[in-house]
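Below is one structure, written out as structure tokens; comments come after it.
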Amino acid sequence: NNNNNNNSEEQEQYQPNPNAGSMGAAARADGAALGGEARRGVFDQDKDDDDMDPAVRAWLARMKPVAQQVTFGGVAGFCAGYALREIGKSVAYSLGVGFLLIQGLAYTGYIEVNWNKFEGDVKRHLDVNEDGKVDEEDLYVWWQKLVGVLKFGLTSTVGFTVGLIAGLRA
């Protein structure tokens, strides 16, 4: 019963203003004249910005260029980056488990692994600039290839790239 009393009190206290929204200030003023409270919504177009805190106004002004760059490409880039990060974790986990399994089998004598040949084959495939070593230059080439594939045909490639990096760091 006590809960019912609280609910009825809440219902009595909250009465949505039927004049708010797209009807504008004149309708709200009429509602106030009829005894209703004239309420302003967050998205009312005629809301006065004079009561906005100057710090908030300055922050919004600084964020405006950033907000304009948030596009479909940026959102898609963020999602792709986040997915790549998670896929990378899964691949690293799988490679680690595979190595442990192979090394365990080699240690117990069930198989023999020529790690020198394996390392040479991996280096040959990863060394895309063919300078004989796998380094940051090769990583850069792989990164450029990946980003080129992911942003193929997108109109907002800058937003996508920023989103991709943000998604990888998230």
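Side-chain contact between Y140 and Q144 is present, with at least one heavy-atom pair separated by less than 4.5 Å. Taking the side chain as every heavy atom from C-beta outward, L84 and L146 approach each other to under 4.5 Å. Taking the side chain as every heavy atom from C-beta outward, D121 and K117 approach each other to under 4.5 Å. A heavy-atom distance below 4.5 Å is not found between the side chains of V113 and L105. Contact of the D135 side chain with the D138 side chain is registered, since non-hydrogen atoms from C-beta on lie closer than 4.5 Å.
Residues V122 and L101 are members of one and the same hydrophobic cluster, defined by side-chain heavy-atom contacts under 4.5 angstrom among Ile, Leu, Val, Met, Phe, Trp and Tyr. Under a hydrophobic-cluster definition in which Ile, Leu, Val, Met, Phe, Trp and Tyr are linked whenever side-chain heavy atoms come within less than 4.5 Å, directly or via other members, V128 and W143 are assigned to different clusters. Residues V162 and Y82 do not share a hydrophobic cluster, clusters being chains of Ile/Leu/Val/Met/Phe/Trp/Tyr side chains in contact below 4.5 Å. V141 and L139 fall into different hydrophobic clusters, where Ile, Leu, Val, Met, Phe, Trp and Tyr are joined by side-chain heavy atoms under 4.5 Å apart, directly or via other members. A continuous path of Ile, Leu, Val, Met, Phe, Trp and Tyr side chains, each step under 4.5 Å between heavy atoms, connects V147 with L168, placing both in one hydrophobic cluster.
Among pairs with a residue in residues 106-128, those fulfilling ring pair (Phe, Tyr, Trp, His ring centres under 6.0 Å) read F99-W115, W115-F118, at least two apart in sequence or across chains.
Nearest heavy atom pair, residue D127 against residue K133, reads OD1-O, 3.0 Å. Across all their heavy atoms, E137 and D131 have their closest contact at OE1-OD2, 4.2 Å.
Taking E112 as the reference, nothing meets the salt bridge (Lys or Arg N to Asp or Glu O under 4.0 Å) condition, with sequence neighbours excluded.
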